[in-house]
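As structure tokens, the structure follows; a few thoughts come after it.
Predicted model only: the values in this text are computed from it and were never measured.
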Amino acid sequence: MQGFSNMKSVMRLLQFTDSTFPVGAFSFSNGLETASFEGIVDDASTLESFARAQAHQAAFSDGVAAILTHRAFLKSDYSQCIDLDKYLIMFKMNAEARMMITRMGKKLAELGVKLFDNPMIESWLKDIKENKTPGTYPIAQGMVFAAAGIDEKSLFCSHQYGIINMVLSAALRCVKVSHYDTQVILEKLSNEVETLYSEASQMTKEDMNAFYPELDILASLHEKGNMRMFMN
């Protein structure tokens, strides 16, 4: 039974992390499109630096929120999940980031309701639809992964993979890099995830931070830019 349970969790982890999982991650570039257009990211080396910055920014904001939500969900502390949701949206400095994180969050909440018979997820989706809470994606991840029996360390890995892969997948369409380049970058950044988790897992809500102003500036420029391959 234990072996089956572990395999089922692995299957769910693969399902939630797959690029075809219908939450809309493929529609966004996290500012990479503008970075490429402006010549800031133009090869494998600059792409690696950009993806690493995205991973670090997300780890200590979205990643912490997802971990804390996972813990709150397992304690049936719905009010804390709502509190984290409202707190996290304040970290998003531009309209594109807010649209991305709430659109994906609502999609995952809708999927969570269909996949799991869980009153907390149902209540959260109801509150999103009634505009009582923003419905951010990391909060949805924390809830759904906990409901699926996936541990918080695996949740954090999936979260980091999603951020990095979003950037690298977008790069194949707007930066002069190959699939080999992006896989090498993914390998390098994967080696850093455990260190990021060690720090993020010890952080409280008040410790959350996302101070990478260059990324926010690029995302803001993308809102009014001429590039239209990705959502803005």
*Has Tyr161 got more than 12 heavy atoms of other residues, nucleotides or ligands less than 6.0 Å from its OH?*
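Counting neighbours around OH of Tyr161, 12 or fewer heavy atoms of other residues, nucleotides or ligands fall under 6.0 Å, so no.
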
*Is it the case that more than 12 heavy atoms not belonging to Lys188 sit under 6.0 Å from its NZ atom?*
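Incorrect, the count does not exceed 12.
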
*Parallel, tilted or perpendicular: ring planes of His159 versus Phe156, cut at 30 and 60 degrees*: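 Judged by the thresholds at 30° and 60°, the geometry between His159 and Phe156 is tilted.
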
*Ring geometry between Phe16 and Phe145 (parallel below 30°, tilted from 30 to 60°, perpendicular above 60°)*: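 Because their plane-to-plane angle lies in the 30° to 60° range, the rings of Phe145 and Phe16 count as tilted.
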
Mind checking whether [X] and [Y] have side chains closer than 4.5 Å, heavy atoms only?
X	Y	value
Leu108	Tyr137	yes
Lys92	Asp62	yes
Met120	Phe73	yes
Thr17	Leu13	yes

Is it true that a side-chain atom of [X] and a backbone atom of [Y] form a donor plus acceptor pair closer than 3.5 Å?
X	Y	value
Asn209	Asp207	yes
Ser158	Leu155	no
Thr133	Ile128	no
Thr136	Pro138	no
Thr46	Asp42	yes

*Trace of the salt bridge (charged side-chain N to carboxylate O under 4.0 Å, His left out) decision for Glu33 with Arg173*: CA-CA 9 Å; Glu33 193 168 20; Arg173 288 176 275 177; over 6 Å; no

*Not counting sequence neighbours, list each pair that qualifies as a salt bridge (charged side-chain N to carboxylate O under 4.0 Å, His left out) and has a residue in residues 112-127.*
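Counting only pairs at least two positions apart or across chains, the salt bridge (charged side-chain N to carboxylate O under 4.0 Å, His left out) contacts touching residues 112-127 are Lys126-Glu130.
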
*Report the C-alpha separation of Asp181 and Lys176 in whole Å, then their side-chain angles, then the decisive distance to 0.1 Å, and conclude whether the salt bridge (charged side-chain N to carboxylate O under 4.0 Å, His left out) test is met.*
CA-CA 10 Å; Asp181 293 324; Lys176 292 182 179 179; over 6 Å; no

*Tell me yes or no: between the side chains of Gln160 and Tyr197, is some donor less than 3.5 Å from an acceptor?*
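Side chains of Gln160 and Tyr197: no pair found under 3.5 Å.
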
